[in-house]
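Here's the structure we're looking at; comments come further down.
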Amino acid sequence: MEPVRPDQPVQPEPGTATPPAATATAPAASGATAADAATATGAVDPAAGASEEHGAPPPRGRGRTPLDMVRSMVVILALVFVVVWLLPRPNGIEQPPVDVRSAATAAASTLPFEPVVPAALPQGWKPTSAYSRRSTDDVITWHIGYLTPEGKYAGVEMAADATPKWVQAQTAAPRPTDAGSRTVGGVEWEELYRQDRNRSTLKREADGITTLVTGGAGFDELSVLAEAVLAGEPVAAAPGT
């Protein structure tokens, strides 16, 4: 039997189990930290490394002060203001013109006379209303409203057997002041005016029908409408109505 040298590995005896290899590392010394142990073993915790290197991210929504909220609101309001300011804005609400002839045909059966549709008016006159109605003193009235080229209101009121109270109501004047008379369309019209309402009226009576051309427009514009009424066409009720 040969003697065993110190630097020669010991060969196990045949038939015996090979003992497990010794661990590469020794147990951590007392007082060593987990990081030291991880370094020693080569294992690194990614979460621990990120936390140590960059710090844990702050919770969402925290750390905002009231001043930050006010600044955000100011920015939002400024953006809204810019958008509203840039949007186009219409100058007014446009209404479609009223079909006066159709309204007259529909109203003819309710009136004791044939309603008149004014002749063609100059450009800029726009009909805004046309209908029959029962007015003051139960007088049935044919009404047409217009917007003049000057942007004023001018209306036509026609009635049979009109009363003084009816005239006062249509002219918006408890006691309209006689302003004189003028000739329009070859006939004479009475001028009435109420100063506190700036309401002008042309009045004419013929064949039992009282016609008022009245509104905030001046006498010159009202004269244009009165002449169109004189040249207009009476409309009969539709058959069967």
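FYI, the numbering just counts along the sequence from 1. The structure displayed is predicted, hence computed values, not measured ones.
A single hydrophobic cluster is seen to contain both I144 and L111, as judged by linkage of ILVMFWY side chains at heavy-atom distances under 4.5 Å, directly or through other members.
Taking a cutoff of 4.0 Å between a charged side-chain nitrogen and a carboxylate oxygen, E221 and K152 do not qualify as a salt bridge. Taking a cutoff of 4.0 Å between a charged side-chain nitrogen and a carboxylate oxygen, R182 and E190 do not qualify as a salt bridge.
For D161, the CG atom counts as loosely surrounded, since its 6.0 Å shell holds 12 or fewer non-hydrogen atoms of other residues, nucleotides or ligands.
Of the possible polar contacts, none joining the N198 side chain to the Q195 backbone as a donor-acceptor pair under 3.5 Å is found. Panel note: side chain T214, backbone S200; a donor-acceptor pair is recorded below 3.5 Å. In this structure, T163 contributes its side chain and W166 its backbone to a donor-acceptor pair below 3.5 Å. For S135 (side chain) and R133 (main-chain N/O), no donor-acceptor pair under 3.5 Å exists by modelled atom type.
With sequence neighbours excluded, the residues forming a ring-ring contact (aromatic ring centres under 6.0 Å, His included) with Y131 are H143, listed by chain and number. With sequence neighbours excluded, the residues that form a side-chain contact (heavy atoms from CB on, under 4.5 Å) with E114 are P234, A236.
Side-chain contact between T128 and Y146 is absent, with no heavy-atom pair separated by less than 4.5 Å.
When each of L212, T211, T171, V139 is checked for a side chain to side chain contact (heavy atoms under 4.5 Å, CB included) with E157, only L212 meets the rule.
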